[in-house]
Structures are given as C-alpha cells and as structure tokens.
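Position 1 is the first residue of the sequence; numbering continues from there.
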Amino acid sequence: PPFLFENNGKEFRDVAAEHGAALKKFYAGRGLALGDIDNDGDSDLLLMNVGEPPVLLRNEGGNANNWFGINLAGTKSNRDGVGATVTVTTGGRRTKRQRLGGTSYCSASDARLLFGLGAIKKIDQVEVRWPSGQISTLKNVRTNQYLTIKEATPNKETALKSKVLALL
C-alpha cells in the first residue's frame, strides 16, 4: 500500500489509512507525480501503477493558508529553468527551492515551484538565480497566485559588460 506521512513537528507519522480507500489498496507502483492539478495552492498526487490506470489523489483538505507558485521560463539558460534557485523573502524569513528535472521514475511532476506561506499576506521579494548567472528580482508580490518569470534576454550593452568583466 502507499505511504502518506504527516509531520507533526516532532516526527513523521503514517496517516495513509486515515485518508480514504485509495490509500488502503495495494498497488504495483512505478512512479509518483506531484503537482497542483486544480491550481488551489496545495499539492495533489498522481500514482503510476503497473497494469492499472493512474490514481489521482486530490488534496481537498481545505487550505486556509497563503501560498505562492512560480513557473520559470529560461531564455539564455535552458527553457525550463532547470538548475535555477528561487528565494522567497517574507518578513525577514527566506525560503529557497531549486527547479529540478527528472524527479521520479515513469512520471513527471509539476514544473512549478510551490511555497507555503502560512498567514503571510505579502511577499517582500522573489529572487531567481538562473543557471546562466543572471538574477531576476520581483518586490511586493501578491500571495495566492502562480506567476511565470521569464529570464531576461541580455541586450548588447549588458552582454558587452559581462564579457569585459569576464576578461578582468
């Protein structure tokens, strides 16, 4: 059977049996995809199985907390932003996530990065450090939304300054 663990602040507890029939059934599992299928700020799960259809486990627990999601679009770096690091700063607290590629066997998870914010109502700053070395920054960002941040395409003057700095 699948495992579902809850972090109660002290330990992880298996709570699968408490969350419906789909988590009590035995599967020949081959992959797990994580993503926000209904764009409500909480992660849903898709179990990939051998000889059976996938099983969608929707997170319908009622998310009363704030959240922020980001999709990356690289231009100079790779188009999916794989390798980029995103830092979200709220009230002096910094949370980092890295855009990964190939996170599961026989499945692909949501490419968007999701940040849980609790009671925070405004994001002070979002910083993206792209694999190319470029940095994108947004300030005073609204919560409870998904944003796409596109890597800036350097103009000739910026590219020339970068080459001069690289030579120094």
Can you pull out every ring pair (Phe, Tyr, Trp, His ring centres under 6.0 Å) where at least one residue sits in residues 19-45? Sequence neighbours excluded, please.
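For residues 19-45, and leaving out neighbouring residues, there are no ring pair (Phe, Tyr, Trp, His ring centres under 6.0 Å) pairs at all.
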
Pairs touching residues 71-94 that satisfy ring pair (Phe, Tyr, Trp, His ring centres under 6.0 Å), sequence neighbours left out
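Every pair satisfying ring pair (Phe, Tyr, Trp, His ring centres under 6.0 Å) with a residue in residues 71-94: there are none.
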
Can you tell me how far the CG atom of Leu138 sits from the CZ atom of Arg142, to the nearest 0.5 Å?
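Rounded to the nearest 0.5 Å, the CG-CZ separation comes out at 12.5 Å.
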
Rounded to the nearest 0.5 Å, how far does CG of Leu113 lie from NZ of Lys96?
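It is 13.5 Å, given to the nearest 0.5 Å.
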
Residue from Ile37, Asp42, Leu45 passing side-chain contact (heavy atoms from CB on, under 4.5 Å) with Asn59
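Of the listed options, the one satisfying the test is Asp42.
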
Of Leu147, Leu114, Asn144, Val86, which meets side-chain contact (heavy atoms from CB on, under 4.5 Å) against Phe68?
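Only match with Phe68 under side-chain contact (heavy atoms from CB on, under 4.5 Å): Leu147.
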
Within a radius of less than 6.0 Å around CZ of Arg97, do more than 12 heavy atoms belonging to other residues, nucleotides or ligands occur?
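Counting neighbours around CZ of Arg97, more than 12 heavy atoms of other residues, nucleotides or ligands fall under 6.0 Å, so yes.
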
Taking atom CZ as the centre, does Arg94 end up with more than 12 heavy-atom neighbours from other residues, nucleotides or ligands that are less than 6.0 angstrom away?
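No, CZ of Arg94 has 12 or fewer neighbouring heavy atoms, counting only those of other groups under 6.0 Å.
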
Whether the side chain of Asp14 engages the backbone of Phe5 through a donor-acceptor N/O pair (distance < 3.5 Å, no angle test) should be reported.
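Pair absent, no side-chain N/O of Asp14 close to backbone of Phe5.
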
List for me each residue that meets side chain to side chain donor-acceptor pair (under 3.5 Å) alongside Ser136, sequence neighbours excluded, and say none if there are none.
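So Ser136 forms a side chain to side chain donor-acceptor pair (under 3.5 Å) with Trp130.
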
Name all residues meeting the side chain to side chain donor-acceptor pair (under 3.5 Å) criterion together with Gln98; count only those two or more places apart in sequence or in a different chain, and write none if there are none.
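For Gln98, no residue satisfies side chain to side chain donor-acceptor pair (under 3.5 Å) once neighbours in sequence are set aside.
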
Would you please name every residue forming a ring-ring contact (aromatic ring centres under 6.0 Å, His included) with Phe12, sequence neighbours left out?
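Once residues adjacent in sequence are excluded, Phe12 has no partner under the ring-ring contact (aromatic ring centres under 6.0 Å, His included) criterion.
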
Regarding Glu151 and Ser77, do their side chains bring together a donor and an acceptor under 3.5 Å, going by distance alone?
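Judged by distance alone, the side chains do pair up.
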
Please list all pairs passing the side chain to side chain donor-acceptor pair (under 3.5 Å) test where one or both residues lie in residues 108-126, with sequence neighbours left out.
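Listed once each, the pairs are Asn39-Arg112, Asp110-Arg112, Lys122-Asn140, Gln125-Lys139.
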
